[in-house]
Amino acid sequence: MTRTDKKSFLWKGLLLGAVFGVAGAVALTSETMPVKIKSERIDPTIEEMIKQARGLQKVGRWEAAADILTQLANDGHPVALFHLGRAYKNGWGVNTDLEQSRLIFMEAVRYSFAYRGETAYELGRLFQRSSGEKCAEIALQWFMKALDWDYPKAHVQLAKHHERGIGTERDLTAAFYHYEQAAIAGYPSSTINYARILLTGRYGVTPDPERARFWAERAIAGLEQKARDGSASSAKTLGRIYRDGEFMAMDRSRAREWFLRSANLGDAGAMHDLAQMLISASLDEKSAEEALKWLRLAATAEHGGALTALARLHLKQSFDLEPENAVELLERGVAVGHPGAMEELGRLFARGKYVPQDRTKALELARKGTDRGHQGSASLLQDLLQEDEANLTVIEKSTSQKSAKKEG
């Protein structure tokens, strides 16, 4: 995939600004629903141009496709807006820009068109990756709208939100409903998560191995079929199952094969997992180079886990990496909402290492990570609060002693 320099696409940003001005105003508030529904124009010429752009994407001519989509998006065509939003999200012919992607999707979703439900789903995913105070709640709203607009994949994310209490109270009854609906709709990656809960008895659920196997067998069969058909996500999930030995014997060789297939299809999560698996093994120089290659590719795609993992390697000075370069990686990790990055950057601010010491920022990052259920962030927050309490006690004792001396 070829990426161009941002400067060469500056004219696109200027043109898009006029189209997305209203969408931007909506995106920056908690009000996420479209103000006014627009109708899609039916134009054979436009449809042919979109088909041409999609064909160019399939053969890897990403920039040429982005040019066509930008031209049509500036004219307000929703299907072009949808595909251009995905281009900015994934870096297809343009530099990856999640904020621009979100603004484009916000404009597209104002139209009643075939991809409206999927556009709402994409917005939910982008808000999931954002670190704002209400982003989890907003993401949940978009997934609910996606379901209203007949996009059943929203069941996958709704199950996760209700299972983990993200943006809402934990509700296992609702989570199980969405997991089973996702399974019926043909999303085996979600089904395998459901099987894990049933097998392990997570959240106090009574373990049900027989029911867990029932769903796992169907999920794995579905994953293998989808992976052979070119699904990067399914191949990644299979890699994780073989790596962890879930519902079958552990097989790291097969795990690597599935991760590699997924990574070659462009899945940043698989790139991250493949790199981590290579790093956890005894590395020779060639394997180390391969691991860093995949980790850097995933980080370029703004994968939060990859950004954090690469930053940690820099901090440890592994493979002769410079520790100072960790800060920029962690800042990007925080920007996409990764709690591990929040913890690591918070620790740097707390110690004043590679950044000016700033306990206020450290506490803010620790709280954000804790709010996302991250144990490392919770541990950091507890340590910081205990230190503050201890310092306050010392100050109070000193003040008390001075006061007593004055009175005496």
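The figures here come from the full heavy-atom set of this structure, side chains too, leaving out hydrogens, waters and symmetry mates.
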Colleague: In terms of side-chain geometry, is the basic nitrogen of Arg129 or Glu302 positioned less than 4.0 Å from the acidic oxygen of its partner?
Modeller: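 No.
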Colleague: Might you confirm whether atom CZ of Arg256 has over 12 heavy atoms from other residues, nucleotides or ligands at distances under 6.0 Å?
Modeller: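 No, not enclosed.
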Colleague: Could you check His155 against Tyr177 for side-chain contact (heavy atoms from CB on, under 4.5 Å), going step by step and ending with a plain yes or no?
Modeller: CA-CA 9 Å; His155 283 297; Tyr177 165 76; 4.3 Å; yes
Colleague: Taking Arg170 for the side chain and Glu163 for the main chain, is one N or O donor matched with an acceptor at less than 3.5 Å?
Modeller: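 Answer holds: yes.
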Colleague: Do the side chains of Gln357 and Arg351 get nearer than 4.5 Å, heavy atoms only?
Modeller: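 Counting from C-beta outward, Arg351 and Gln357 never come under 4.5 Å.
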Colleague: Would you compute the distance between atom NZ of Lys316 and atom CG of Leu321 and round it to the nearest 0.5 angstrom?
Modeller: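 Those atoms lie 12.0 Å apart.
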Colleague: If I take atom CG from residue Leu295 and atom CG from residue Leu307, how far apart are they, to the nearest 0.5 angstrom?
Modeller: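 If I round to the nearest 0.5 Å, the distance is 8.5 Å.
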Colleague: Any salt bridge between Glu289 and Lys293, counting N to O under 4.0 Å?
Modeller: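 The answer is no: the pair does not qualify as a salt bridge.
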Colleague: Report yes or no: does Ser377 contribute a side-chain atom to a donor-acceptor pair with the main-chain N or O of Gly373 at less than 3.5 Å?
Modeller: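 Pair absent, no side-chain N/O of Ser377 close to backbone of Gly373.
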Colleague: State, with a plain yes or no, whether a side-chain heavy atom of Leu98 is found less than 4.5 Å away from one of Thr96.
Modeller: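 Touching, per the 4.5 Å side-chain cut-off.
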Colleague: Between Phe143 and His161 (judged by ring centroids, cut-off 6.0 Å), do the two rings come close enough to count as a pair?
Modeller: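 Ring centroids of Phe143 and His161 are less than 6.0 Å from each other.
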Colleague: For Ala154 versus Leu147, what's the shortest heavy-atom pair and its separation?
Modeller: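 Taking every non-hydrogen atom into account, CB-N, 4.0 Å.
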Colleague: First locate atom OH of Tyr187, then atom NZ of Lys226, and finally report the distance between them rounded to the nearest 0.5 Å.
Modeller: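 Going from OH on Tyr187 over to NZ on Lys226, the span is 6.5 Å.
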Colleague: Considering non-hydrogen atoms only, spot the tightest contact between Ala326 and His314 and give its length.
Modeller: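 Here Ala326 and His314 meet closest at CB-CB, 3.9 Å.
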Colleague: So does Gln157 get a backbone contact from the side chain of Arg125, meaning a donor-acceptor N/O pair under 3.5 Å?
Modeller: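 A pair under 3.5 Å: no.
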Colleague: Counting distance only, does the side-chain N/O of Arg332 pair as donor-acceptor with the main-chain N or O of Ala299 below 3.5 Å?
Modeller: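 Indeed, once roles are kept as given, a pair shorter than 3.5 Å links the two residues.
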Colleague: Give the minimum heavy-atom separation between Tyr242 and Ala249, together with the two atoms involved.
Modeller: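 Of all heavy-atom pairs spanning Tyr242 and Ala249, the closest is CD2-O, 4.4 Å.
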Colleague: For residues Ile220 and Pro188, determine if any side-chain heavy atom of one lies less than 4.5 Å from a side-chain heavy atom of the other.
Modeller: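 The answer is no, as the side chains (C-beta and beyond) never meet within the 4.5 Å cut-off.
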Colleague: Do Phe105 and Glu118 make a side-chain contact, defined as non-hydrogen atoms from C-beta onward lying under 4.5 Å apart?
Modeller: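 Result no, sub-4.5 Å side-chain heavy-atom pair not found.
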Colleague: At their closest point, which heavy atom of Met342 faces which heavy atom of Gly369, and how far apart are they?
Modeller: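 Closest approach of Met342 to Gly369: SD-N, 3.5 Å.
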Colleague: Ignoring hydrogens, what is the shortest heavy-atom contact between Ala195 and Phe247? Give both atom names and the distance.
Modeller: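 Residues Ala195 and Phe247, closest heavy atoms: CB-CZ, 3.7 Å.
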Colleague: I'd like to know if Lys236 pairs up with Asp273 as an ion pair, taking the criterion as any Lys NZ or Arg NE/NH1/NH2 lying under 4.0 Å from an Asp or Glu carboxylate oxygen.
Modeller: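 Salt bridge between Lys236 and Asp273, a charged N being under 4.0 Å from a carboxylate O: no.
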Colleague: Kindly indicate, with the supporting measurements, whether the criterion side-chain contact (heavy atoms from CB on, under 4.5 Å) is fulfilled by Val205 and Phe176.
Modeller: CA-CA 11 Å; Val205 173; Phe176 287 1; 3.9 Å; yes
Colleague: Is the backbone N or O of Ala66 less than 3.5 Å from a side-chain atom of Thr70, with the two atoms forming a donor-acceptor pair by type?
Modeller: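 Yes, the answer is positive, given that a donor and an acceptor are paired below the 3.5 Å cut-off.
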Colleague: Does atom CZ of Arg61 have more than 12 heavy-atom neighbours, drawn from other residues, nucleotides or ligands, at distances under 6.0 Å?
Modeller: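 Atom CZ in Arg61 is not packed in, count stays at 12 or less.
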Colleague: Could you grab the distance from atom CG of Leu238 to atom CE of Met248, nearest 0.5 Å is fine?
Modeller: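 One gets 7.5 Å once the value is rounded to the nearest 0.5 Å.
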Colleague: Determine whether a donor-acceptor pair (N or O, by modelled atom type, separation under 3.5 Å) exists between the side chain of Ser379 and the backbone of Gln375.
Modeller: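 The answer is no, because no donor-acceptor pair under 3.5 Å joins these two groups.
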Colleague: Using the rule given for side-chain contact (heavy atoms from CB on, under 4.5 Å), can you reason through Phe82 versus Arg86, listing the C-alpha separation, both sets of side-chain angles and the distance that settles it, and then say yes or no?
Modeller: CA-CA 6 Å; Phe82 168 74; Arg86 294 187 72 214; 3.4 Å; yes
Colleague: Verify, without hydrogens or angle tests, whether Tyr88 (side chain) and Leu103 (backbone) share a donor-acceptor contact under 3.5 angstrom.
Modeller: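 Pair absent, no side-chain N/O of Tyr88 close to backbone of Leu103.
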Colleague: Return the orientation label for the Tyr115 and Phe113 ring planes: parallel under 30°, perpendicular over 60°, tilted otherwise.
Modeller: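 Judged by the thresholds at 30° and 60°, the geometry between Tyr115 and Phe113 is tilted.
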Colleague: Taking Gly269's backbone N and O only, do any of them form a donor-acceptor pair with Asp267's side chain (distance below 3.5 Å, no angle check)?
Modeller: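 Flag set: sc Asp267 to bb Gly269 pair under 3.5 Å.
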Colleague: Taking the side chain as every heavy atom from C-beta outward, state whether Arg196 and Ile241 have any pair of such atoms under 4.5 Å apart.
Modeller: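 Yes, side chains in contact.
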Colleague: Regarding Arg102 and Glu99, does a basic nitrogen lie under 4.0 Å from an acidic carboxylate oxygen?
Modeller: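 Here Arg102 pairs with Glu99 in a salt bridge, since their nearest N and O are under 4.0 Å apart.
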Colleague: Heavy atoms, side chains only, cut-off 4.5 Å: are Leu380 and Leu384 in contact?
Modeller: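 Counting from C-beta outward, Leu380 and Leu384 do come under 4.5 Å.
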Colleague: With side-chain hydrogen bond (donor to acceptor under 3.5 Å, both in side chains) as the criterion, how do Tyr203 and Arg164 come out once you've worked through the C-alpha distance, each side chain's angles and the decisive distance to 0.1 Å?
Modeller: CA-CA 9 Å; Tyr203 310 119; Arg164 301 171 189 174; 5.0 Å; no
Colleague: Take His77 and Met49 through the side-chain contact (heavy atoms from CB on, under 4.5 Å) test and state the conclusion after the steps.
Modeller: CA-CA 11 Å; His77 194 277; Met49 290 178 71; over 6 Å; no
Colleague: Check this for me, if you would: do Glu331 and Lys361 make a salt bridge, where the nitrogen-to-carboxylate-oxygen distance has to be below 4.0 angstrom?
Modeller: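 So Glu331 does not pair with Lys361 through a salt bridge.
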Colleague: Report the distance from atom CG of Asn90 to atom CD of Gln57, rounding to the nearest 0.5 Å.
Modeller: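 Nearest 0.5 Å value for the CG-CD distance: 9.5 Å.
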Colleague: Verify, without hydrogens or angle tests, whether Arg116 (side chain) and Val109 (backbone) share a donor-acceptor contact under 3.5 angstrom.
Modeller: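 Confirmed, Arg116 side chain pairs with Val109 backbone.
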Colleague: Gly304 and Val336: which non-hydrogen atoms are nearest, and at how many Å?
Modeller: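 Shortest heavy-atom contact: CA-CG2, 3.7 Å.
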Colleague: Working to the nearest 0.5 Å, report the span between CD of Glu322 and CG of Leu315.
Modeller: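 If I round to the nearest 0.5 Å, the distance is 12.0 Å.
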Colleague: Short question: side chain of Ser280, backbone of Met277 - any donor-acceptor pair under 3.5 Å?
Modeller: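 At least one qualifying donor-acceptor pair exists.
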Colleague: Contact between Glu343 and Pro339 at the side-chain level, heavy atoms closer than 4.5 Å - yes or no?
Modeller: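 Of all side-chain heavy-atom pairs linking Pro339 with Glu343, none is under 4.5 Å.
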Colleague: Is there side-chain contact between Ile166 and Leu140, with at least one heavy-atom pair below 4.5 Å?
Modeller: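 Of all side-chain heavy-atom pairs linking Leu140 with Ile166, none is under 4.5 Å.
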